[in-house]
Number of protein chains: 2
Amino acid sequence: MEFKQQEGVTLAEVAKAAGVGESTVSRVLRNHGSFTTKTRDRVLAAVQHLGYVPNRIAGTLASAGSRLVAFVIPSLSNIVFTDVLRGASATLEDHGYQAVFAVTDYDPEKEEALVASMLAWRPTAVMLAGYEHADGTVKMLRAAKCRVVEVLDIDGVALDLAVGFSNHAAGRESANFMLQRGYRRIGYVGHDLNRDTRASKRFASFCETLGAGGAPLADRQIHPGPSSVENGRIGLEQLLARTPDVDAVYFSNDDMALGGYFHCLSHGIMVPDDLAILGYNGLDIGRATPQRLSTLLTPRVTIGQVAAQLVVDDAPSQVIDLGFELIEGETA
Amino acid sequence: MEFKQQEGVTLAEVAKAAGVGESTVSRVLRNHGSFTTKTRDRVLAAVQHLGYVPNRIAGTLASAGSRLVAFVIPSLSNIVFTDVLRGASATLEDHGYQAVFAVTDYDPEKEEALVASMLAWRPTAVMLAGYEHADGTVKMLRAAKCRVVEVLDIDGVALDLAVGFSNHAAGRESANFMLQRGYRRIGYVGHDLNRDTRASKRFASFCETLGAGGAPLADRQIHPGPSSVENGRIGLEQLLARTPDVDAVYFSNDDMALGGYFHCLSHGIMVPDDLAILGYNGLDIGRATPQRLSTLLTPRVTIGQVAAQLVVDDAPSQVIDLGFELIEGETA
DNA sequence: AGATATTTTGGCAGCGCTGCCAATCGAAAT
DNA sequence: ATTTCGATTGGCAGCGCTGCCAAAATATCT
């Protein structure tokens, strides 16, 4: 079993070595079409001997499907997106697809540029976060003959496939939970909303629901940076400095909420009696803190799995709502 | 500006529309070779008009470099690997490369299979975690004419390029820190070491150094699962149940350490007086906890950046040690 | 055995693009 | 005006594989 693929062993060489035609080798390798056991063994022996690695670039060009799935995601630091990738990758690998990705940094223009360069690889599908895209992006995606999957948000009109849940409903449910628990002076601590449209949808519905419930938002503190534990800590500190009498705070997500929780821990603020905390996402860590974090669990991994399955099955256009689950922890 | 790329506009169609030859279009689009401003404008107008998206599959087959970089990583749940991806992706995107990834789940056999299917795309480079690979993987990688980058570990013999730091040194430094601080009954709480060879290297050196320092490991608790906050909490609980008199615990990483810290918080164990805690990785969250976590900061993002830069520059084979930094927090 | 199905096989034309080379063009030089 | 030389340009042969089709081999049936 020698490997000499220096400048690439080709299918033709394998064919010659096995004493069969090129198409026969191709059929054997893809296990497609008919051939006898004997020829198959001869071919496989030659493949083994030469260390042949099929060239999918050539294969794709000659046939059709690239079996490449492009992920154009806002960030790799946010667990939301890596969880979707995680959910999708196993399914894709099992079906012979390859995942390609690019990071937009929450920038619609960068997204457009990246979608363009992704399309150059003629992917089977492109997966994007949410519905808000630049005009050019939409145009390209419509023109391209690949599938499009918008994940993590279903509040809008899907281009083709969409898998996620309603961020509006999430904000609403969070607000209702707070109201039911009896909190009336509710604040919000969030990260840069211009960049995260899904967080801003949640916030909008949250406020609206609070208002309708007779307890309009008491105050808000938006940190002009990405979501992080540290920013959540700082955010809560600033909010409390300005409005000390809030009795509960809704955070843009669990990272921020943990920061707030830590602030309480180190300043002797009793949770939830002095201050209640509600997060969003349902991170694992929130289940291991001294008090379990109250939060809204989102089915991120499942979203990735379902999205990948739809692509693999070449399912018809549809929107799938996977919902979410309110976790009543011990912080609110 | 109409987009009708239904079954794919080709370069030939653009050429016809612009009234120039195919090679001219190709040259203009790649900004390579010479052409007049006038022809360039005509070509770009045609491209715009037809909504032409170059086909990189065909381009790659015809020329050479795929500008595809394959990442074969153990997991997407572990921030270590996503940070490397993050560091690499910006650099790669800037230079027209695309990142492709696949997840091995810490399984060497799966790694082998994934490397094989990655190689079918004729990537410019393959990035792997660490040095421990199946024989077949090594064979394939050597035979392939692509660059190979092993990241996150430099304790071993590199196949080609390696960027990371010494896990042995990390374990040693952690142990020395504990000894200097005066801890003598030191325990270890870790996750499945069979799967994470880098963590096991750290652990081995840690134990050795402790022994040499006259304070051999007091006890250990290995949780047979992935690293997580919850498993760290449980691990410490079990360790203390068996060996209550340890005065410090070294965790396999910050997730585990946080779990341990939370256990202390909720059981009135004073940190670091009753029990000192040392983590590993330098996660952001450790800087926002009530007490800053003592840990070893690893340059994960930088590793990704440097690795990508080496590939982009087609640098000669080399091993780059980016070191690490011991963070003296408030928990040890 | 002869004829008719059926399975197996090989040849070869592309897939869309790039690289090479020769042809053409234009401007500076004689 | 003629020559020279570099800047532009187009034609076309592949890159390695798959899909189609006809040929060859084998099996099945009168």
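Keep in mind the model is a prediction, meaning the values are calculated, not measured. Chain naming here is simple, since letters A, B, ... match the order of the sequence lines and numbering starts at 1 in each.
Closest to the side chain of A:Phe35, out of C:dT9, D:dT9, D:dG16, is C:dT9. When the nucleotides D:dC15, D:dC17, C:dC15 are ranked by their closest atom to the side chain of A:Leu11, D:dC17 comes out on top. With C:dC17, C:dG10, D:dC17 as the choices, the nucleotide that has an atom nearest any side-chain atom of A:Thr24 turns out to be C:dG10. Which of C:dC17, D:dT9, C:dG10 sits closest to the side chain of B:Thr39 comes down to D:dT9.
Rounded to whole Å, the distance from CZ on B:Arg42 to C1' on D:dT8 is 12 Å. When the C1' atom of D:dG16 is taken as reference, atom CG of B:Leu119 falls 16 Å away, rounded to whole Å. Spacing between atom CG of A:Leu61 and atom C1' of C:dT18 amounts to 12 Å, rounded to whole angstrom units. Across the protein-nucleic acid pair, A:Arg40 atom CZ and C:dT7 atom P stand 18 Å apart, rounded to whole Å. Computed from coordinates, the A:Glu13 CD to D:dG16 C1' distance equals 11 Å when rounded to whole Å. Atoms CZ (A:Arg56) and C1' (D:dT18) sit 14 Å apart, rounded to a whole Å. To the nearest angstrom, C1' of C:dG16 lies 13 Å from CD1 of A:Ile57. Nucleotide D:dA25 holds its P atom 13 Å from the NZ atom of A:Lys38, rounded to whole Å.
Remark: B:Arg198 CZ to B:Thr298 OG1 distance equals 11.5 Å, nearest 0.5 Å.
Put simply, the side chain of B:Ser75 reaches to within 4.5 Å of the side chain of B:Tyr106, judged on heavy atoms.
Salt bridge status for A:Lys16 with A:Glu22: absent, with no side-chain N to carboxylate O gap under 4.0 Å. Ion pairing of A:Asp41 with A:Lys38 is absent here, as no side-chain N (NZ or NE/NH1/NH2) approaches a carboxylate O to less than 4.0 Å.
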Might you list the N or O atoms of the protein lying below 3.5 Å from N or O atoms in nucleotides 19-23 of chain D, with each pair's distance?
unit_1	atom_1	unit_2	atom_2	d
D:dG19	OP2	A:Arg30	NH1	2.8

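Between the side chains of A:Thr197 and A:Glu132, at least one donor N or O sits under 3.5 Å from an acceptor N or O. Between the side chains of A:His133 and A:Glu150, at least one donor-acceptor pair of N or O atoms lies under 3.5 Å. Side-chain atoms of B:Arg30 and B:Ser26 include a donor-acceptor pair closer than 3.5 Å.
Between A:Thr36 and C:dT9, a side-chain N or O to OP1/OP2 separation shorter than 4.0 Å is present. Applying the 4.0 Å criterion to OP1 and OP2 of C:dT6, one finds that A:Ser34 has every side-chain N and O outside that range.
Each end of the helix from C:dA1-D:dT30 to C:dT30-D:dA1 yields a helix axis from five base pairs, and these two axes differ in direction by 40° (to the nearest 10 degrees).
When each of B:Asp155, B:Asp153, B:Asn167, B:Asp196 is paired with B:Lys201, the side chain to side chain donor-acceptor pair (under 3.5 Å) condition holds for B:Asp153 and for no other.
Annotation: cation-pi pair A:Arg67/A:Tyr97 present, NZ/CZ under 6.0 Å from the ring centroid and within 45° of its normal.
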